[in-house]
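Quick notes on the structure that follows.
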Amino acid sequence: MNLFADIRALVIDALDAMTEAGALPAGLSLDNVTVEPPRDPAHGDMATNAAMVLAKPARAKPRDIAEALAERLGGDDRIASAEVAGPGFLNLRLAPSVWQGLVRGVLEAGMAYGRSDMGQGRRVNVEYVSANPTGPLHVGHTRGAVFGDALASLLDYAGHEVTREYYINDGGAQVDVLARSVYLRYLEALGREVAFEDGTYPGDYLIPVGEALAREKGEAWVDQPEEVWLEEARGFATDAMMDLIRADLAALGVEMDLFFSEKSLYGTGRIEAAIEDLRGKDLIYRGVLEPPKGKMPEDWEPREQTLFRSTAHGDDVDRPIMKSDGGWTYFAPDIAYHYDKISRGYDELIDVFGADHGGYVKRMKAAVSALSEGRVPLDVKLTQLVKLFKNGEPFKMSKRAGTFVTLRDVVDQVGPDVTRFVMLTRKNDAPLDFDFDKVLEQSRENPVFYVQYAHARVMSLLRKAEAAGIDTETSAFIAADLGKLDHEAELALAKKLAEWPRQVEIAARTHEPHRIAFYLYDLAGEFHGLWNRGHDLPELRFLQEGDPATSQAKMALPWATAVVISAGLGILGVEPAQEMR
RNA sequence: GGUCCCGUAGCUCAGCAGGAUAGAGCAGCCGCCUCCUAAGCGGCAGGUCGCAGGUUCGAAUCCUGCCGGGAUCGCCA
């Protein structure tokens, strides 16, 4: 159910009828006709630009079209008034019964209100986090994890078939570093003196891994060369790190559908197959790259390498896929990985990267475009930095000093719900301030609290209603006389609820889950506003003492609000609060 | 220097497929808060949407060029 879509359909029908009647020329495209809430509520409930969009192709004056359209729309009993305004807008006011019906519709649909079929079941792969398996997740990963997860839920809610995927970078040199670091911890666990030099990971989180290895291997690896232990240590260590990362994600409430190992691409011919595919398209060649324009690296020297002709698909320069020692560059398995995703039949791919990977967007898009022959779009979403604060003071992070903040630190301190919501209070490409104290504050300026408080208030209302002997089953609210919801303040809240399906579609289309968080904040504000009006106007209170019938009608509105808040928070992966403590 | 992102009220930020007089919170100023649904309420003020062009009936939004901030820039992932 989407009221804006319903009214748009009404407008389109009216325009078709006008064409039928000869008032408009045949064959006009109505694609650009929109029905939207006007910026200024004084202009009405909905506005359509139909007359302005059609004026030129119809060779008519916008106001004339608008007048004729207004006349036709006025015949529908949902339309209370249709007025031409400004350059040719048609402002519509809807009958109160429409809004009352909407509240009933929300209650009937429940959590499904706002679900959309815009995705048409298209299969979307969302790849996110994909952190190197060399240590616990930190705050930066947290944002990517929350963003990707919310985006996946959002797309699911909007009618897509979504896969959540994590690409394990377990094939590169950093895994050797990890293996050597774990080996040192292993020796340490056996009582040997060890030194952690530069180029190793000194983190404490490897201590238990070394201990486990010591229990398993005993003295077998002591004083042995790398050939003996490196490969096995690599596997052991990455497994341990992935267990750690999985647990971190679980603490945040993130559950992946698939973990894809980079290593699985090596030695299996899968990288070669992807590159062969490109070669067959004449996109692989041996050549020498120009140095980067303007900035000449000190050690630059012309070098012949194996290149991917990414410029043929929109990149700025061609990219090397092979190192001079004959090994693949990191880009080659990335190509193979995306080749795999394409071959799994997705209609759309989304990669969520940290902003520091912005430089890889074009080449990745080029690869996907080439491999899928333009069939599969790839959208890369970059998440900006998280700046940490403690009570307004910047919180310095330093890996060296051991004060870098992990996902666990954050979740342990403020909980998964607050973490997730706050991470979505900025759009993904804007830096985010995260203050450990402020996010827990119980005040209006804290959106997490403000939204949760709205939900908790409704729950408290329900408890009170129940205590007063009122039937609080949803069916009872649906059956109530909703015609009693006729105050402009009540209708205003209903109108906000009507926007929900629209916001879902916009957020899904733009791949911007933060819009859900902003909408919920808005909705909560509208709800608190109505609640506050009850201070001065007792007839606006939801519970009317001694009048269960009216109470039931009045409570349909907050209950519908709670349903939408729950659905919205559900997309964000946040549990709605039953009460505030 | 190339590429990408950002630039909107004093501050932090929204701004929907281009739409009407550009919004919110905070801070500031003025009221209210013995009744009631604690975690306040109502109001006022605050803007050349970085700058300059262009497209359009219409631009914060699209295009181009500048300015400022950030990220990144051939065998590291």
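Residue numbers begin at 1 in each chain, while the letters A, B, ... track the order of the sequences.
- Between A/Phe89 and B/A20, a base-stacking contact is recorded: ring centres under 5.5 Å apart, planes less than 30° from parallel.
- RNA chain B is contacted by both A/Arg509 and A/Met322; A/Arg509 maps to the nucleotide lying nearer its 5′ end (nearest heavy atom per residue).
- With rounding to whole Å, A/Leu382 atom CG is found 8 Å from B/C5 atom C1'.
- Comparing B/G74, B/A39, B/A17 by their closest approach to the side chain of A/Gln305 singles out B/G74.
- Few gaps surround CD on A/Glu441; more than 12 heavy atoms of other groups in view lie less than 6.0 Å from it.
- Remark: side-chain polar atoms of A/Thr238 are not paired, donor with acceptor, to backbone N or O of A/Val175 under 3.5 angstrom.
- Put simply, CG on A/Asn532 is 18 Å from P on B/C32, counting in whole angstrom units.
- In terms of phosphate contacts, A/Tyr521 brings no side-chain nitrogen or oxygen within less than 4.0 Å of OP1 or OP2 of B/A24.
- For A/His528 and A/Tyr450, the gap between ring centers is short of 6.0 Å.
- Heavy atoms of other residues, nucleotides or ligands lying less than 6.0 angstrom from CD of A/Glu304 number more than 12.
- Cation-pi contact between A/Arg319 and A/Phe331: absent, since separation from the ring centre below 6.0 Å together with deviation from the ring axis within 45° is not met.
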| request: Would you mind building the protein contact string for nucleotides 8-15 of chain B? One character per nucleotide, 5' to 3', B for base within reach (heavy atoms under 4.0 Å), S for sugar-phosphate only, - for untouched. | output: ----SSSS
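- Distance A/Asp316 CG to B/C4 P: 7 Å, rounded to the nearest Å.
- As rounded to whole Å, 11 Å separates atom P of B/A38 from atom CZ of A/Phe449.
- Comparing A/Tyr167 and A/Leu543 by the nucleotide of RNA chain B that holds the closest heavy atom to each, the one mapping nearer the 5' end is A/Leu543.
- Spacing between atom CZ of A/Phe331 and atom P of B/C73 amounts to 15 Å, rounded to whole angstrom units.
- Comparing B/G47 with B/A24, their C1' atoms are spaced 15 Å from each other, to the whole Å.
- Among the heavy atoms of the strands lying under 4.0 Å from A/Gln174 are primed sugar atoms or P, OP1, OP2 only; no base atom is included.
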| request: Test A/Gln544 against A/Thr550 for side-chain hydrogen bond (donor to acceptor under 3.5 Å, both in side chains), laying out the working first. | output: CA-CA 7 Å; A/Gln544 299 289 325; A/Thr550 302; over 6 Å; no
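- Taking the C1' atoms as reference points, B/C49 lies 35 Å from B/C32, given to the whole Å.
- The line from CE of A/Met364 to CG of A/Asp334 is 5.0 Å long, rounded to the nearest 0.5 Å.
- In this structure, CG of A/Asn91 is placed 8 Å from C1' of B/A20, rounded to the nearest angstrom.
- Among the protein residues, A/Ala85 comes within range of the nucleic acid bases, having at least one heavy atom under 4.0 Å from a base atom.
- Of the listed nucleotides (B/A71, B/G74, B/C26), B/A71 has the atom at the smallest distance from the side chain of A/Asp356.
- Between A/Tyr339 and A/Tyr337, a ring centre-to-centre spacing not shorter than 6.0 Å is recorded.
- Using atom P as the reference point in both B/C51 and B/U34, the two lie 48 Å apart (nearest Å).
- Within 4.0 Å of A/Gly358, counting heavy atoms only, lies no atom of the nucleic acid at all.
- Nearest nucleotide to the A/Arg502 side chain, out of B/C16, B/A17, B/G25: B/C16.
- Interface remark: the A/Arg303 side chain does form a donor-acceptor pair with the B/G74 base, using a distance-only criterion of under 3.5 Å.
- One can place CD of A/Glu505 at 12 Å from C1' of B/A17, the figure rounded to the nearest angstrom.
- A/Glu301 comes within contact range of at least one nucleobase, with a heavy-atom separation under 4.0 Å.
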| task | Could you walk me through whether A/Asn428 and A/Thr383 pass side-chain hydrogen bond (donor to acceptor under 3.5 Å, both in side chains), step by step? | result | CA-CA 5 Å; A/Asn428 57 292; A/Thr383 56; over 6 Å; no
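- A distance-only check finds no donor-acceptor pair linking the side chain of A/Asp351 to the backbone of A/Val380 [under 3.5 Å].
- In this structure a side-chain-to-backbone donor-acceptor pair under 3.5 Å is present from A/Arg143 to A/Gln384.
- Using a 4.0 Å heavy-atom cutoff across all strands shown, A/Thr510 reaches sugar-phosphate atoms only and no base atom.
- One finds no side-chain N or O of A/Arg457 lying less than 4.0 angstrom from the OP1 or OP2 phosphate oxygen of B/A38.
- At a threshold of 4.0 angstrom between heavy atoms, the contacts of A/Glu262 are confined to the sugar-phosphate backbone, with no base atom among them.
- For A/Ile506, the side-chain atoms get nearest to B/C16 when compared with the rest of B/G40, B/G19, B/C16.
- In this structure, A/Arg363 is not positioned above the aromatic face of A/Phe308 in the sense of NZ or CZ being under 6.0 Å from the six-membered ring centre and within 45° of the axis.
- Listed by first residue number, the stems of RNA chain B with at least three Watson-Crick or G-U pairs below 3.5 Å are B:1-7 with B:67-73, B:10-13 with B:23-26, B:28-32 with B:40-44, B:50-54 with B:62-66.
- The separation of B/C13 from B/G19, taken at their P atoms, amounts to 24 Å, rounded to a whole angstrom.
- Judged by distance alone with a 3.5 Å cut-off, no donor-acceptor contact links the side chain of A/Asp522 to the base of B/A24.
- Counting to the nearest Å, the P atom of B/G70 and the CG atom of A/Asn428 are 21 Å from each other.
- With P as the reference atom, B/G65 and B/G2 are 10 Å apart, rounded to whole Å.
- For the C1' atoms, the distance linking B/C67 with B/U21 amounts to 30 Å, nearest Å.
- Taking atom P on both nucleotides, B/G25 is separated from B/G43 by 10 Å, rounded to a whole Å.
- Heavy atoms of A/Arg319 sit nowhere under 4.0 angstrom from any nucleic acid atom.
- Separating the C1' atom of B/A52 from that of B/A59 is a span of 15 Å, rounded to the nearest Å.
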